[in-house]
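This report refers to the structure that appears directly beneath it.
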Amino acid sequence: MSDAAVQDILTIRGVTKRFSVGDGELEALAPVDLSIPTGEFVCMIGASGCGKSTLLRIVAGFEEPTTGNVAMYGKAITGPGSDRGMVFQDYALFPWMTVRENISFGPRQRQLPREEIAKTADEFVRMVGLERFADRYPNQLSGGMKQRVAIARVLANDASILLMDEPFGALDALTREQLQNELLQIWKRTGVTTIFVTHSVEEAVLLADRVLVMSAGPGRIESDFRIDLPRPRDVSSPEFNALRRDIARRLTSHLTLARA
Amino acid sequence: MSEHATTLPKAGLSDGTQRSLPGTATADRRKRQRRETLRAFVLGAGFPILLILIWDRAVAITGTRLIPSPYQVAVMMYDFTFGGIYDDAFSGTILTHIFKSMQRVYGGFVLAALIGIPLGMMIGRIKLLRQLLDPTISLLRPIPVTAWLPLSMIFFGLGPNAAIFLVFLGAFYPILLNTIFGVRSIDPRLFEAASMLGCSGTGMFRQIVLPASLPAIFSGLRIAHGFAWILIVVGEMTGVPTGLGSVVMDGRTLSRTDLVITGMIVIGACGFITDRIIVTISNRLLNWSPQHRE
């Protein structure tokens, strides 16, 4: 890697995961090794069942690896923690809390002074442009707005790694495009390390510094693409499409293997 | 509401249709709402009136002396409330009886809620506790509360405590089981989201488990509250001198069916009013969840 000065925020060493399914066992992840430098935007892409969500959940601390270890700045991850925040595809907002209460949930757990909590809440409500909806409940919001709240909820908690599990998968194309742009702006502004799981090659090439293509049976990282295109990226440029084609080709070759 | 408009808050298009209706439309909607409320009231009140008419005709046509006419019951109700007609032991005593019964109903009900909700939350969350208690609960639950009557009289003697105990037993299971169900059906993602945001231990119970299972807890409370009023008659069969249940039992002993029916109506009205109070509280607490509103 050219930028040796950047410290790795996350190191994954020999992580495997096996689930027991009925009488047998399912090998979800073959040994995975991966280092992610601070501030990088990484997309993981792969067919269903390639273990990308499992890997993300292990990093989040929701699942324990069967073998291997995950460390953040050299310190082993043993469970969920406020240094890593997950944005789920189905939002997982607290339905009985307003937008503002959802966003200030993390700061409230740390028992900060009331004014500081209010200030943080205001700041992140503004960051995702929901000032007018701050006192609404999640079920009064559209999908795109809910996902904005989920992102703000993680960032307001000062997470240094943003984990996103197909966050825009349930949104319509227009909203998705808008949220992709907003996410990039937020990422640029905050410098938060982001690991983003997606099904869409275009989304991966549009967003990421680095695209990890995963393959199934058992899940492993098949190839590691650097995307050096300047942002904002032009989805119709020849360079963009060349990368998209390359990645899609790797992906489909695994897909046919996985089907077999 | 258009999906696209709501996802573009900065464009200022979203929810405009909801908030800034022109005056005529608002007045129109209010009128429609009023008509709807009136309709609900007329239909809801009309049916009992019809029943009373049928009751009146049936008594007149059959000429029975065992069942009083609605008019006789109304007179009894007046005397029970204000006195001045029969001037017997029951005249003008309604408030005493209501007060006594309420003490027992709410004593048992509140006790059941205070034990049932926390216990249900713990059984729902802690596997060990579930394995320990679930078989016992399933075993005790089918036993009719009335079957506990002899034992409760041995435990608590003749008096109000036995009544409170019976009401407690009747209210406890619906509260407990609904709470367990509510906790068990919380989306596990919410626990993950809370724990990644730094929430754990008792904070999890207070901030996630309780509010997330509140809709189920409230349906449990409503069912339990109904049982509590049902059981008051049974509870007050244990030899207490006052209370609506004892009025009904006394009426039976004295063959005063008008008194029995009066007591029944008062019990029904009390249950109805307090049920409305619970629904109002639940609507307020659950205003985040439109599917639980009534």
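For the numbers below, each heavy atom of this structure counts, side chains included, while hydrogens, waters and symmetry mates do not. Numbered from 1 within each chain, the chains take letters A, B, ... in sequence-line order.
Residue B/Phe181 qualifies as open at atom CZ: its count of foreign heavy atoms under 6.0 Å is 12 or below. Taking a 6.0 Å sphere around CZ of B/Phe227, one finds it holds 12 or fewer heavy atoms contributed by other residues, nucleotides or ligands. Enclosure of atom CZ in B/Phe99 is not indicated, since only 12 or fewer non-hydrogen atoms of other residues, nucleotides or ligands lie within 6.0 angstrom. For B/Gln103, the CD atom is densely surrounded, since the number of other residues' heavy atoms within 6.0 Å is greater than 12.
Atom CH2 of B/Trp288 and atom CD of A/Gln140 lie 12.0 Å apart (nearest 0.5 Å). Rounded to the nearest 0.5 angstrom, B/Leu197 CG and A/Asn102 CG are separated by 9.0 Å.
Heavy-atom proximity under 4.5 angstrom to chain A picks out B/Arg189, B/Leu190, B/Glu192, B/Ala193, B/Ala194, B/Ser195, B/Met196 from residues 187-196 of chain B. Using a 4.5 Å cut-off between non-hydrogen atoms, no part of residues 122-143 of chain B approaches chain A.
Both the backbone and the side chain of B/Ile208 come within contact range of chain A, judged by heavy atoms closer than 4.5 Å. With a 4.5 angstrom heavy-atom cutoff, A/Asp90 touches chain B only via side-chain atoms. For a residue to count as touching a neighbouring chain, one of its non-hydrogen atoms must lie under 4.5 Å from one of that chain's; by this rule A/Arg153 touches chain B with backbone and side chain alike. Looking at A/Leu179, neither its backbone nor its side chain comes within 4.5 Å of chain B, counting heavy atoms on both sides.
The nearest pair of heavy atoms linking A/Gln109 to B/Gly198 is CB-O, 3.7 Å. Across all their heavy atoms, A/Trp96 and B/Ala212 have their closest contact at CZ3-CB, 3.4 Å.
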Would A/Phe105 and B/Gln207 satisfy side chain to side chain contact (heavy atoms under 4.5 Å, CB included), going step by step from the backbone distance to the final call?
CA-CA 10 Å; A/Phe105 185 83; B/Gln207 298 180 87; 3.7 Å; yes
